[in-house]
Amino acid sequence: MQIQAMQQAIWQVVSLIPSGKVATYGQLAKLAGFPGQARAVGRCLSQLPEQSQLPWHRVINAQGRISFPADSAAYREQKQRLLAEGIEIARGRISLRLYGWQP
DNA sequence: TTTGCGGCTGTAA
DNA sequence: CTTACAGCCGCAA
């Protein structure tokens, strides 16, 4: 499997996450056809071009947390985008039960 | 060529 | 709640 094809598949599924919902890295990896490749999802997203329209902010880890250091600019950016979509973040966690995307 | 480190995760203690 | 650990695998040093 070419890394590029994988990237394509991953970007594809990420683009499907509806506004107001979130998905986990592992979940997306599985949907894209690469179970167990959660890190590949994070890697792809980290390589997104600046002007990308992909909803990268709707991707969080399996613990319902943002996978960035809480003091980083990236963390604040993602948090703001999520709040802007009406997603609630209590004690640094997002309820997957309420906001988790069910394809 | 080996190593350490990621936007990770499930299991177990 | 916390560590710990085994899988995962591309990438930069």
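The figures that follow rest on heavy atoms only: side chains count, while hydrogens, waters and symmetry mates do not.
- Distance alone, capped at 3.5 Å, places no donor-acceptor pair between the A:R65 side chain and the A:I94 backbone.
- Looking at heavy atoms from C-beta onward, A:W56 lies out of side-chain contact with A:V14 at the 4.5 angstrom threshold.
- Between A:G36 and A:R93, the residue anchored closer to the 5' end of DNA chain C is A:R93, taking for each the nucleotide with the nearest heavy atom.
- Comparing the P positions of B:dT1 and C:dC8 gives an interatomic distance of 22 Å, to the nearest angstrom.
- Here the separation of B:dG7 from C:dG7, taken at their P atoms, is 23 Å to the nearest Å.
- The CD atom of A:Q51 sits 11.5 Å away from the CG atom of A:L54 when rounded to the nearest 0.5 Å.
- The separation of B:dG4 from C:dC5, taken at their P atoms, amounts to 15 Å, rounded to a whole angstrom.
- The closest side-chain heavy-atom distance from A:E88 to A:L82 is not below 4.5 Å.
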Which nucleotides of DNA chain B pair, in dot-bracket form (Watson-Crick or G-U under 3.5 Å, | meaning another strand): .|||||.||||||

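- The stretch residues 38-55 of chain A comes close to DNA chain C through A:R39, A:R43, each having a heavy atom under 4.0 Å from the strand.
- Atom CD in A:Q78 sits 9.0 Å away from atom OG in A:S72 (nearest 0.5 Å).
- DNA chain B is contacted by A:T24, A:Y25, A:G26 of residues 11-28 of chain A, taking any non-hydrogen atom closer than 4.0 Å.
- Counting only heavy atoms from C-beta outward, the side chains of A:V59 and A:L45 approach each other to under 4.5 Å.
- Inter-residue side-chain proximity for A:L16 and A:P103 is flagged as unmet; no heavy-atom pair is nearer than 4.5 Å.
- Nucleotides of DNA chain C that come within less than 4.0 Å of any heavy atom of chain A span, from the 5' end to the 3' end, C:dC8 to C:dG10.
- A distance of 12.5 Å separates CZ in A:F34 from CG in A:L28, rounded to the nearest 0.5 Å.
- Side chain to side chain, A:E85 and A:H57 meet the donor-acceptor criterion of an N or O pair below 3.5 Å.
- The side-chain heavy atoms of A:V41 and A:V13, taken from C-beta on, include no pair separated by under 4.5 Å.
- Here the straight-line distance linking atom CD1 of A:I3 with atom CZ of A:R43 works out to 9.0 Å at 0.5 Å rounding.
- Distance check, rounded to the nearest 0.5 Å: CZ of A:R76 to CZ of A:F68 gives 12.0 Å.
- The outermost nucleotides of DNA chain B lying under 4.0 Å from heavy atoms of chain A, listed 5' to 3', are B:dG6 to B:dG10.
- Among pairs with a residue in residues 1-13 of chain A, none fulfils side chain to side chain donor-acceptor pair (under 3.5 Å), at least two apart in sequence or across chains.
- Side-chain contact between A:Y75 and A:S67: absent, with no pair of heavy atoms (C-beta onward) separated by less than 4.5 Å.
- One N or O on the side chain of A:K21 and one on the backbone of A:L98 form a donor-acceptor pair closer than 3.5 Å.
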